[in-house]
Amino acid sequence: GPPETRPCALIDHSSREDWTLLFWTLLAVVVPVIITFWCGAQRSKRKSHMKDFFRKSKHGWHYTDLFNKPTYCCICEQHILQGAFCDCCGVCADETCLRRADRSLVCKEIMAPAQADGTLEHRWVRGNVPLCSVCAVCKEQCGNQPKLCDFRCVWCQTTVHDDCKPSLSGVERCALGEFRSLIIPPHYLYQVNKLRRRHPDEYSKLASACGSGWTPVLVLANNRSGNNMGEALLGEFRSVLNPVQVFDLSDLPPSKALQLCTLLPPGSVRVLVCGGDGTVGWVLDAIDTMKLKGHDQFIPRVMILPLGTGNDLSNSLGWGSGYAGEIPVEQVLRNVLDAEVVKMDRWKVQVASKGLYFRKPKVLSMNNYFSVGPDALMALNFHTHREKTPSFFSSRIINKAVYFMYGTKDCLVQECKDLDKRIELELDGERVALPSLEGIIVCNIGYWGGGCRLWEGMGDEPYPPTRLDDGLLEVVGVFGSFHCAQIQVKMANPVRIGQAHTVRLVLKSSRMPMQVDGEPWAQGPCTITITHKTQAFMLYHSAEQTDEDEDESSASEAESPAPCDSPKPLGPPPARA
C-alpha cells in the first residue's frame, strides 16, 4: 500500500499480537484452574457417593489412592494401584468391580451358628495374602506369584496354596488360630442371642465351648490421640479379631461399647484402650458408671496402647511412652495375653468456687496427677491452640515442640510466681508451710511430664518408688518452668512436700491455671479437695528391665520396704490382684 498507510498496518499487527499473547496467557492460567476445580468437585462428589455406599455395605470398605503393596482385584483378578479394601475380611476391588464384590463376596460374620459338631468352618478369601505367609499343607511360601492366588482364612489367618486347598476340605475345622482365647466366636454371640434367660451362669456355660482360659478382649481406639494412628489400628485389629470387638470412640462412647461386657462371662473381659491418658480416663469413668448400675461382676481389666503425647499412666504400667507402629498388632495381642492384673487408685477432685455457695462443686476423676502452676499453664496454652487448629497437632513430635515453646515463654514471663502467697495447702488436715514456689503437683503415679520419675528424683537423695495401690498421694513443688525442665533432664529434684491420703488446696486470690490428667482450665478463687474414689483393675506389663532400671531397683531393694498393709508401702511395682 501507500507509504502513509504502513504505520497503521504495523500498529494493527502489533495490537493483534498483544491480544493474541494476552489470550493465550489467560488461557494457560484459567484452564488449569478450571480443570483443578472441576476435578476437585468430581472427586468430592465421588467420595460422597462412595461414603454413602460404604455406609450401607456389610463390608468395612475403605478407599485408597495407592495400595502400599502389590494388590489384585478379587473380582477381575487384575493388578490395581487404587481401589477399595475391606479391613475386616481383606477383600480388595477396583472402583468398577466394587459393587459386584460387595454383592458376591461375603464378609466376616460377627454372629453365625456353629456346625453340627459345634466347630467353626474356615472362611476363605482368595488372594492378597500377607507377605511371607506359609502354606498350612506343604509348608512352602504363599502369595509369591504376580497374580491373584492362594487363600487365607479370615478367622485363624491360615494360608494355603490353590493346589493344596482341596486336601483341607472337610478335614480340618477353624480353631481361630493363635488368638482363639481373645476372639469372640460368631457362634457364641449367636447362642447368646437365642438365650431366653440372660444370666451370668448361662454365659459361663456357653463360654466352656470356647476353651479354658478364654479372656475375650475389646479394643477401644481414639482417632484424635497422638499421631492419629487410631483408624489404621482399628482396621488391623478388625482383621484379626471379631469386628464386633473393635470400637471407634469417635462414633461410639465407651459407656455404649462396654455394654458388650455384660454379655460375656463375669471377670473374663480385657479392654485394650488405644489412646492417650485422657482416653484412658474416659474409659475408666465409663467403668465406674458400670459399678453404679450394679454390674460389678462384669468389670473388665484395662490395658493401654499409648497413642497420646505424654502417656505417663502407660509408662507407669510398663507399656512404654508411646506407640508408633514399631511392633505389629499380633505382638500387642500377645502382650494382652501375658499381662498381669494390678490395682490402681483413682481419686475424686472436687473444685468449689469461692462465692458460689448455691452451685454444685465441679467434680473430676484423677488417675495421674493434679497440678497448679507452670505445667498447667503450658497444658492450657497447648489445649487452647489445639482446639483452634486440630489438624496442626497431628504429630507427637510437634506436640512436644509446642509444649517446649510455651515452657520457654513462661521462663521469661513467670505468670505463676508468688504461688505460695496465693495458695494454702493441707495434707491430711494439717497445714503445710510452703517455700517460694510457682507450682504444686499432686501425683498418684510414678511418672509425670512425659516420662519423668518425679517423686523418686536423682543424685544423692533418691526416694523409694511410689505405688499405684497404696491409697497415698505424693505432693511436690516446683520453682518454675525452668525448674520443670531441669527435673525432666535429671539435673534437679522437685521440692518434696509430703504424702497424704487427702489433699486440700485453697486458692485465695486471682486466677491460676490448673489441670487434671492433662485436661487444663483457668480457675478463680476456690477450694480443691482430693480424696480417694475407688480402685481400677489394670493390666501391668512386666517387661525385661534395662540396665538403668536394674540399678535403680537394686538401690531400692537396699531399703527396707514396708508391708502391703502399711500406710506408706514403698515397693516398686503395684501389688498383683
Side-chain angles (χ1 to χ4, degrees), residues 58-60 86-91 105-126 128-130 133-137 139 142 150-160 164-165 167-194 203-219 233-247 260-261 263-265 267-272 300-301 303 328-339:
K58 292 184 178 180
H59 283 272
C86 174
D87 62 5
C88 297
C89 64
V91 167
L105 301 177
V106 182
C107 190
K108 260 185 179 179
E109 293 180 314
I110 62 174
M111 185 171 63
Q115 299 300 308
D117 56 359
T119 59
L120 182 70
E121 276 193 339
H122 286 291
R123 169 73 184 85
W124 298 108
V125 169
R126 187 163 185 250
N128 303 309
V129 300
S133 300
V134 176
C135 177
V137 177
K139 309 304 178 184
C142 287
D150 305 335
F151 289 86
R152 175 183 63 90
C153 175
V154 299
W155 287 109
C156 64
Q157 312 305 319
T158 296
T159 53
V160 62
C164 299
K165 184 174 177 289
S167 62
L168 283 179
S169 301
V171 178
E172 185 181 335
R173 298 293 185 180
C174 179
L176 297 178
E178 179 184 358
F179 305 110
R180 66 180 68 87
S181 59
L182 299 177
I183 297 174
I184 301 178
H187 56 76
Y188 174 85
L189 293 176
Y190 180 81
Q191 292 170 334
V192 167
N193 193 46
K194 292 180 65 178
Y203 302 149
S204 299
K205 291 178 184 177
L206 295 179
S208 61
C210 300
S212 60
W214 185 52
T215 54
V217 63
L218 306 185
V219 179
L233 279 172
L234 286 169
E236 293 184 53
F237 281 116
R238 287 191 188 104
S239 67
V240 178
L241 306 172
N242 190 328
V244 78
Q245 299 173 243
V246 185
F247 299 92
L260 183 57
C261 295
L263 300 179
L264 297 166
S268 65
V269 183
R270 300 190 169 198
V271 171
L272 174 61
R301 281 61 175 150
M303 172 184 159
V329 295
E330 290 81 6
Q331 184 58 47
V332 174
L333 294 175
R334 292 184 193 105
N335 292 341
V336 175
L337 288 169
D338 298 336

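These values consider heavy atoms only, across backbone and side chains, with no hydrogens, waters or symmetry-generated copies.
Contacts of R126 classified as salt bridge (Lys or Arg N to Asp or Glu O under 4.0 Å), with partners at least two apart in sequence or in another chain: E77, D162.
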Could you give me the CA-CA distance, side-chain angles and deciding distance for D150 and T159, then say whether side-chain contact (heavy atoms from CB on, under 4.5 Å) is met? CA-CA 7 Å; D150 305 335; T159 53; over 6 Å; no
Should C156 and H122 be marked as a side-chain contact (heavy atoms from CB on, under 4.5 Å) after you check the CA-CA gap, both sets of side-chain angles, and the distance that decides it? CA-CA 8 Å; C156 64; H122 286 291; 3.4 Å; yes
Using the side-chain contact (heavy atoms from CB on, under 4.5 Å) rule, take T158 and W124 through it: C-alpha gap first, then chi angles, then the decisive distance, then the call. CA-CA 9 Å; T158 296; W124 298 108; 4.3 Å; yes
Would you check, one step at a time, whether the test side-chain contact (heavy atoms from CB on, under 4.5 Å) holds for D87 with L234? CA-CA 8 Å; D87 62 5; L234 286 169; 5.7 Å; no
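Side-chain contact between L120 and L176 is present, with heavy atoms from C-beta onward closer than 4.5 Å. Inter-residue side-chain proximity for V129 and F151 is flagged as unmet; no heavy-atom pair is nearer than 4.5 Å. Within the 4.5 Å cutoff, the side chain of V336 has no heavy atoms near those of the F179 side chain.
Taking CG from L105 and SG from C89, the interatomic distance works out to 7.5 Å, rounded to the nearest 0.5 Å. Note that the CD atom of Q157 and the CD atom of E178 stand 10.0 Å from one another [nearest 0.5 Å]. Atom CG of L233 sits about 11.0 Å away from atom CZ of R238, to the nearest 0.5 Å. Here C164 contributes atom SG and K139 contributes atom NZ; the two are 10.5 Å apart, rounded to the nearest 0.5 Å. Here F237 contributes atom CZ and L218 contributes atom CG; the two are 12.0 Å apart, rounded to the nearest 0.5 Å. Atoms OG and CZ, on S268 and R301 in that order, are 9.0 Å from each other to the nearest 0.5 Å.
One N or O on the side chain of Q245 and one on the backbone of L182 form a donor-acceptor pair closer than 3.5 Å.
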